[in-house]
Amino acid sequence: MSRAPRSAVLSVLALAAALAVPTAGPPAPARAAVHHTGDEAAVLGEDHARAHARLRRAAQGTQGYPQSRRTASLASLEESQRRANTGFDAARFGRFTQFFPSPDFGVHVALLPTGKVLLFSFERVEADPTKETGPTNTVGRTNAGRAWLWDPAAGTGARAFRNVPPPVVLMPDGTYSPRPAPFFCAGHSYLPNGMVGVFGGNVGGKGGSGAKLSFVFDPWTEKWFRNRDMAVGRWYPSVVTGADGRQIIMSGQSERGTGTPTPVVERFPALGHRVPWRPYDIPAGVPAEPLRSVAPFRNDYPHLFSLRDGMVYGLGRDADQQWIFDPVKDVRSELPRRPADFRGYGSAVPLPAGFRGPDSVLVLGGDPRDPHTYRLSGGRWTTEEPRAFGRTQDGTLILPDGTLLTVNGALDTRDYGHGPFNPKADLKYRQIEVRDARGRWKLGPAQRLPRGYHSNALVLPDGRMMVTGDELQQIANDPDIKDGMDGSIELYEPAYLHRGARPALDRAPAGDLRYDTAFQVSSSTAKDVRRAVLLAPTTVTHSVNTSQRHLDLRLTGVQGDRIGLRTPPGAADAPPGYYMLFLLDAKGVPSTAKWVKLGTP
């Protein structure tokens, strides 16, 4: 992490000591704290003043929710996890391993083609988890975003994280106070050159109102770049990358505030501007453009998928809002009504389909009363195998062996089974659930922390799964609320990592790979390899993961340590960009992945 000058550290510690002394009367209102921060900024500078403000908020949070309570809660969760997982065989169910602090809540996460993970969210405005911790209604400079990189290769300590703050912006909120861009609750997906496009955010007030912000994060320089504002503000939009590498942006609450979702569909970059293909093709000041067709979703964060037919499928939370969008002809068509009623924040996954791209989607979760899963295939809905119980706020990932794994979940947005804003959780919401190749589900071990609203997970290149998110639970179980590490990450090792030695993937092509083309990789264990698969990296928020994709590659022959493979047929099967390439043996044990890039300009 970046280090403050020694004088700044000493003064912050002194302030923390002063704030630890109880004061008479109620704490000062948040608005006064904002003004005080502004006064301090003139003397101390923005970063130093913000550090003071964070300490004040942390001190107030410990008055209503003391550190002793957080410490005891985390210890209790650790013990209950140990007891619950005693009977689970790691070779059948996998196991949770490390749990460690993070400097960010992880409301948004993205695996980058460098192997690092981008986490971003907001500066908290409250340290008491029984209250709203985020700046949804906040107007002014404390309505700010933040971002960090975690490097798994550097371990799990503070030095493994690097601050990558978003650009400072002026928001049209009446105060025009400069602050790191409040891009939390935005939408995002990948560009072909590995960059993450991030669209929207929160202007503040009105229950949260849509920002027109447009950024890319460049994993190669590890910097943010701002693009031209979108045509409309978006708070809770969805974004998907199409077969041409352009990003389609839909929905989100408008700049008029919550309750005013925008039907405008936009495309980035606009036609007439080239799609970024190379690492040095950095979009900066590039516009998006509105399409003719509209997407009048009544509720935010619809699930979007670009399937093998090249169409974008928009699966709304309301059962009657299921649509197909043709991004080339710019038209929208109706899909049949989904069998289930309204779904909240639950998962949707494009199901693996062998050597071709996905042609069906499994919708699951989002309703704690409904354990069933629903498949859309060939324009028809079918009811599939149920999970053990219903849950919302859950995330479902495709693993390298093609199985699905559900993690996280709750009874409702911030209700874990004991009422809203109550950090206590029923144990079942902490258990993973795995779907095998036959479509059958089984419960597995429990994670350390309950994670519901704003929870996330992704698969790392070494085959492990990273779990993070849910600021309420992270704050309620923070081992030190004053240390600036107010998030947490937990790692899970799937069962395939406990079934023997892993195949080796020693070398893969470094350049662009054309579609439907032969290529070779080298492996010192080539004779043991039975499958080669591509797994797209994940960028996810609010249970919405538009980037997942799993494809088998054709094996064309083995000669010594050389394995012949063939890329997917076309861009509709696998949109251009970076993928993790795994080799698997007969037991389904995967190698550590190598990154390959599909598509050419």
* Asked: Do you see a donor-acceptor pair shorter than 3.5 Å between the side chains of Asp561 and Ser524?
  -> no
* Asked: Quick one: does Glu289's side chain have a donor or acceptor within less than 3.5 Å of a partner on Leu271's backbone?
  -> yes
* Asked: Side chains of Ser377 and Ser360: donor-acceptor distance under 3.5 Å anywhere?
  -> no
* Does the gap between the ring centers of His542 and Tyr236 come in under 6.0 Å? -> yes
* **Glu384 versus His372, side-chain donor and acceptor atoms under 3.5 Å** => no
* Between Trp224 and Phe183, is the ring centre distance below 6.0 Å? -> yes
* Asked: Between Arg387 and Asp394, is there a side-chain N and carboxylate O pair less than 4.0 Å apart?
  -> yes
* Any donor-acceptor pair under 3.5 Å from Asp318 side chain to Gln321 backbone -> no
* Take atom NZ of Lys223 as the centre, draw a 6.0 Å sphere, and report whether it contains more than 12 heavy atoms from other residues, nucleotides or ligands. => no
* Using a 4.5 Å cut-off on heavy atoms from C-beta on, say whether the side chain of Gln253 contacts that of Arg234. => no
* Structure fact -> When Val407, Ile432, Thr97 are each screened for side-chain contact (heavy atoms from CB on, under 4.5 Å) with Tyr492, the one that passes is Ile432
* Begin from the C-alpha positions of Asp585 and Arg530 and carry the test salt bridge (Lys or Arg N to Asp or Glu O under 4.0 Å) through to its verdict. => CA-CA 5 Å; Asp585 66 15; Arg530 296 295 179 270; over 6 Å; no
* Asked: Are Tyr345 and Asp300 linked by a side-chain donor-acceptor pair shorter than 3.5 Å?
  -> yes
* Just by distance, with hydrogens left out, do Ser547 and Thr539 show a side-chain donor and acceptor under 3.5 Å apart? -> no
* Asked: In Å, rounded to the nearest 0.5 Å, how long is the span from OH of Tyr579 to NE2 of His550?
  -> 12.5 Å
* Between the side chains of Ser189 and Gln247, does any donor sit under 3.5 Å from an acceptor? -> yes
* To do: May I ask you to decide if Arg464's main-chain N or O and Asp462's side chain share a donor-acceptor pair within less than 3.5 Å?
  => yes
* Structure fact -> ring pair (Phe, Tyr, Trp, His ring centres under 6.0 Å) test vs Phe268 passes for just one of Tyr190, Phe199, Phe215, namely Phe199
* Asked: Should the pair Arg146 and Phe105 be classed as cation-pi, given the thresholds of under 6.0 Å to the six-membered ring centre and 45° from the axis?
  -> yes
* Is the shortest side-chain N to carboxylate O distance from Glu385 to Arg440 below 4.0 Å? -> no
* Structure fact -> Value for CH2 (Trp381) from CZ (Arg375), rounded to nearest 0.5 Å, stands at 11.5 Å
* Asked: Are the ring centres of Phe305 and Tyr313 closer than 6.0 Å?
  -> no
* Any Lys/Arg nitrogen of Lys587 or Asp528 sitting under 4.0 Å from an Asp/Glu carboxylate oxygen of the other? -> no
* To do: Output yes when Lys442 and Glu433 qualify as a salt bridge under the 4.0 Å nitrogen-oxygen rule, no when they do not.
  => no
* Asked: Do the ring centers of Phe120 and Phe184 come within less than 6.0 Å of each other?
  -> no
